[in-house]
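By convention in this document, chain letters (A, B, ...) are assigned in the order of the sequence lines, proteins followed by strands, and residues within each chain are numbered from 1.
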There are 2 protein chains.
Amino acid sequence: MTAPLSRSVEDYLKTIYRLSERGGAAATSEIAQRMDLAPASVTGMVKKLAESGHLEHVPYHGVRLTGPGRLAALAVVRRHRILETYLIVKLGYDWASVHEEAERLEHAVSDELVERMAEALGSPRYDPHGAPIPTRDGEIEQSDYPSLAQMEVGARVELRQVDDDDPERLRFLKSLGLVPAALLVVTDRQPFGGPIRVKVGGEEGEECVIGMALAACILVERR
Amino acid sequence: MTAPLSRSVEDYLKTIYRLSERGGAAATSEIAQRMDLAPASVTGMVKKLAESGHLEHVPYHGVRLTGPGRLAALAVVRRHRILETYLIVKLGYDWASVHEEAERLEHAVSDELVERMAEALGSPRYDPHGAPIPTRDGEIEQSDYPSLAQMEVGARVELRQVDDDDPERLRFLKSLGLVPAALLVVTDRQPFGGPIRVKVGGEEGEECVIGMALAACILVERR
DNA sequence: GTTCACATTTAGCCTACCCTAACTTTCGAT
DNA sequence: ATCGAAAGTTAGGGTAGGCTAAATGTGAAC
């Protein structure tokens, strides 16, 4: 626990944290899929992380982060989100392509560097995708915004956050103006998971059509 | 050769480059000492790097970088020196403590990030310790300045470069004002490798005494 | 209440990179 | 010309973290 965590361990903890954000225990196969590893490899690491006290493992029933495990995961998430913000704001990185760079750097930067970057940015509370940045002591704002997919026709909402996993998706969203703080109005939608139609930029905005899978990645606040 | 180099390989190449800067072939034991590894470990890696075409190995007689090996090493050196410069200039890092951070980051940053940092700095040609920064295409200025240890009494010189290996040494040098561009006058020295006495800041500067080992780490240009 | 598909774990193996201990080569001193 | 210290290499082994294939547990459907 006191020894520095390996890159691999940090990635496991971060992934498990992300999975347990929405839902109870994380399944072996979910972890494997997100990390692009064989399930058997996950089982092996999970046993080690349970051993070291970072998580609880109920065989055949998934894992749950412990207090220390959650703290370690949040430290990685903080590094990642500060890095993304810094790269975009200070070094002109693209909203869509910054993820990969941060993914590598989050395992190499020291706490000192992260704090210097945070300070240079004015201690931001959200990253450019709208995700809350954990504090140094591992506190994180619980943003349980509904997704655009849940909005009914006529709803007026402000875009709060977009999932940052997929650069392609991000590029598409940006091209539509679907970025944090954008105002949206739902003008039409099909039943049974069909596409949803929204005006981007308020009542007078451009209309566009968005599939359900995509809409589920967009978190909004009612206005 | 086309696959990305591991952190370990990059460190070997960088170390071997640094060793071959001053002197022909690098010895196994020198590499081991600089990297804090057992000599046997070095032999093993050296064989692999010779296999992959990064260096030539004459058993029992040391190694020499090949063209591709030298290019790969210079890429690491460029990353390191741009990083050090960026951390100091843009993030307020200490001249003395920046080395360790750069040592980790140099294996994680992409070429794109390095180039963005270089651009933000105005494409510097020297890092804060005075070391020349290789270009993108692996060209590096041959700075064969003499060391302060070689200067005779009365010599007037400008400080050009200090070795950046040891943070403690750097802190000491900085406390004396021995930083790049400082003007020095040698006022006295003992024969047979005794300490050397210099005025720091020109004729009117503070006098201080410097041991030979330290003076050998300070490169100067006659004025 | 069986069954069966699927999730999970176990077993055994592999690569990268490090180690120590033992052996071999080199080269300067005699 | 030889000998021995120091340098280098080989042999054998360890850890971390992946993999595949085979065995086993789970739970929904019948």
Just N and O in the side chain of B:Lys48: are any of them under 4.0 Å from OP1 or OP2 of C:dT15? no
Determine, for B:Arg64 against B:Glu56, whether the closest basic-nitrogen to carboxylate-oxygen distance falls under 4.0 angstrom. no
Does a side-chain N-to-carboxylate-O contact under 4.0 Å join B:Asp164 and B:Arg169? no
Looking at residues at least two apart in the chain, or sitting in another chain, which of them share a salt bridge (Lys or Arg N to Asp or Glu O under 4.0 Å) with B:Glu152? B:Arg222
Chain A on DNA chain D: first and last contacting nucleotide, 5' to 3', under 4.0 Å to a heavy atom? D:dA16 to D:dG27
A:Arg70 NZ/CZ over A:Tyr17 ring centroid, <6.0 Å and within 45° of normal: no
For the side chain to side chain contact (heavy atoms under 4.5 Å, CB included) test, which of B:Thr15, B:Val9, B:Asp11 pairs with B:Leu13? B:Val9
Between A:Asp166 and A:Arg171, does any side-chain N to carboxylate O distance fall below 4.0 Å? no
Quickly work out the B:Met45 CE to C:dC18 C1' distance and round it to whole Å. 10 Å
Report each atom pair, protein N/O against N/O of nucleotides 7-14 of chain C, whose distance is under 3.5 angstrom.
residue	atom	partner	partner atom	Å
C:dT8	OP2	A:Ser29	N	2.9
C:dT8	OP2	A:Ser29	OG	2.7
C:dT8	O3'	A:Tyr60	N	3.4
C:dT9	OP1	A:His57	NE2	2.5
C:dT9	OP1	A:Tyr60	N	3.1
C:dT9	OP2	A:Thr28	OG1	3.0
C:dT9	OP2	A:Thr43	OG1	2.9
C:dT10	OP2	A:Lys47	NZ	2.8

Stretch residues 100-109 of chain B: residues that reach within less than 4.0 Å of DNA chain D through a heavy atom: none
Nearest-Å distance, CD (A:Gln33) to P (C:dC6)? 15 Å
Ring centers of B:His99, B:His80 separated by less than 6.0 Å: yes
Whole angstrom is fine here: how far is it from OH in B:Tyr12 over to C1' in C:dC17? 8 Å
Passes salt bridge (Lys or Arg N to Asp or Glu O under 4.0 Å), B:Arg78 versus B:Glu106? Steps please. CA-CA 9 Å; B:Arg78 175 173 171 82; B:Glu106 69 189 6; over 6 Å; no
What residues, two or more places apart in sequence or in another chain, satisfy salt bridge (Lys or Arg N to Asp or Glu O under 4.0 Å) together with B:Glu141? B:Arg125
Considering residues at least two apart in sequence or located in another chain, which fulfil the salt bridge (Lys or Arg N to Asp or Glu O under 4.0 Å) criterion with A:Glu10? A:Arg79
